[in-house]
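Report on the structure given below.
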Amino acid sequence: MPTILTGDRPTGRLHLGHYVGSLRNRVALQNDYETFILLADVQALTDNFDRPETLRENIFQVALDYLAVGLDPTKCAFVIQSQIPEIAELTVLYMNLVTVARVEKNPTVKTEIAQKGFGESLPLGFFCYPVSQAADITAFDADLVPVGADQAPMIELTRDIVERFNRLYGETLVLPKPMYAEFGRLPGTDGGAKMGKSLGNAISLSDDEKTVSGKVMSMFTDPNRITGKEPGNVEGNPVFTYHDAFNPDKARVAELKQLYAAGGENEKGKPRLGDVTVKRELAAALNEMLAPIRARRAEFEARPDEVWDVLRDGTARGKARAEAVMARVRDSMKIGYFG
Ligand code: TRP
């Protein structure tokens with residue numbers, strides 16, 4: 001079976017953006033690929049190095065999210081990054097194959113640096129995380145990397161490193177291909193380009209029904225629609241983007257869009273379709289989708305020892321794979337002095 005490697009920074013609970021960007025794909029692919037999923041705690045440290053004590057709980061929460069969405073630990077290895085020193089070794093070796101100028105041009109890193117307001121105190125560790133991500137991907141001989149579109153520059157860099165490495169030291173590393181979610185990037189509830197916990201515009205997979213409904217009801221829509229009778233904007237309206245992503249009743253979504261775009265009033269002089277109706281139906285669709293995810297989460301949450309066993313076992317499987325790759329790398333680079 002070919003191999004999948006993908007991962008998440010454990011900085012908190014996962015949200016709907018993770019779900020459409022990657023989790024949904026992973027669940028669909030786990031039967032056809034040997035899957036390694038990295039809980040990238042070392043990468044999380046690159047902008048949380050002053051709070052290492054948060055990692056343990058965040059790893060646990062992300063593992064719960066994985067199990068809750070239906071990732072099967074007999075098919076997927078959940079691997080804790082910090083327990084795989086080979087990743088750090090590969091990172092150092094790859095650093096020689098990447099220029100500073102190349103990382104400086106990485107649009108995802110650029111945006112993050114601006115958002116986090118690092119300024120003059122940008123840590124070298126954060127700046128270099130794309131190189132470490134190339135180590136993540138290659139340490140497991142990944143053929144395929146299912147990720148959101150924002151990760152495209154990381155995969156391109158990884159592919160360049162692999163090609164350069166193989167040219168310099170001989171055919172050693174597997175060249176990975178990205179797989180982007182069909183849906184693209186999910187906007188935040190505020191209409192911002194990207195959903196993010198730290199941006200305060202996220203709906204978590206573990207939010208309860210009331211929280212989800214509350215967040216949906218206060219979502220950004222078309223600001224020009226004041227009475228609800230004006231023709232509304234469907235394009236770029238996050239409420240409709242979410243309907244497209246999560247409401248299985250496509251016919252109803254088409255009808256809602258058509259009524260919303262037309263505007264107008266009914267025989268009682270009320271808007272033919274108000275924003276409240278569109279949002280209520282979205283909240284209902286989301287809550288229906290999330291109900292079984294919440295239920296599975298609660299089951300595992302009650303058995304934390306089992307969750308840690310899953311992590312221990314997955315990490316051991318990942319370690320075995322990374323050791324084999326590292327042995328090949330040392331051999332190719334002629335630094336396997338003692339055999
Ligand atoms: N950078 C990814 C994110 O922010 C997380 C990640 C770390 C990752 N290592 C990875 C994704 C390896 C894919 C492959 O979401």
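Just so you know, ligand 1 is whichever comes first in the structure, and atom 1 is the first atom listed for that ligand.
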Nearest-neighbour protein heavy atom for [atom], which is reported as residue plus atom name and distance:
atom: atom 7 (C) of ligand 1; value: Gln43 NE2, 3.3 Å
atom: atom 9 (N) of ligand 1; value: Asp136 OD2, 2.7 Å
atom: atom 8 (C) of ligand 1; value: Gln133 NE2, 3.4 Å

**Asked** Is it true that the side chains of Tyr94 and Ser132 contain a donor and an acceptor less than 3.5 Å apart?
**Response**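 Looking only at side-chain atoms, Ser132 and Tyr94 do not form any donor-acceptor pair under 3.5 Å.
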
**Message:** Under 6.0 Å between ring centres: does that hold for Phe240 and Tyr260?
**Reply:**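 Yes, the ring of Phe240 comes within the 6.0 Å limit of the ring of Tyr260, centre to centre.
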
**Message:** Which of the numbered atoms in ligand 1 are under 4.0 angstrom from any heavy atom belonging to Leu5?
**Reply:**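 Taking each heavy atom of Leu5 in turn, ligand 1 has 12 (C), 14 (C) under 4.0 Å.
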
**Interfacing atoms of ligand 1 (cut-off 4.0 Å, heavy-atom, Ala40)** =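 Counting atoms of ligand 1 from 1, those under 4.0 Å from Ala40 are 7 (C).
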
**Message:** Looking at Glu182, I'd like to know if its CD atom is crowded, meaning that more than 12 non-hydrogen atoms belonging to other residues, nucleotides or ligands lie closer than 6.0 Å.
**Reply:**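 No - once you tally the heavy atoms of other residues, nucleotides and ligands closer than 6.0 Å, there are 12 at most.
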
**Message:** Just so I know, are the side chains of Asp275 and Val239 near enough to count as touching, which here means a heavy-atom distance under 4.5 Å?
**Reply:**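 When only atoms from C-beta onward are counted, Val239 and Asp275 do not touch, as no gap falls below 4.5 Å.
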
**Request:** Determine whether the side chain, the backbone, both or neither of Gln151 has a heavy atom under 4.0 Å from any heavy atom of ligand 1.
**Result:**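 Answer for Gln151: side chain.
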
**Hydrophobic cluster identity match, Val79 and Val27, side-chain contacts under 4.5 Å** =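 No, Val79 does not connect to Val27 through the hydrophobic network.
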
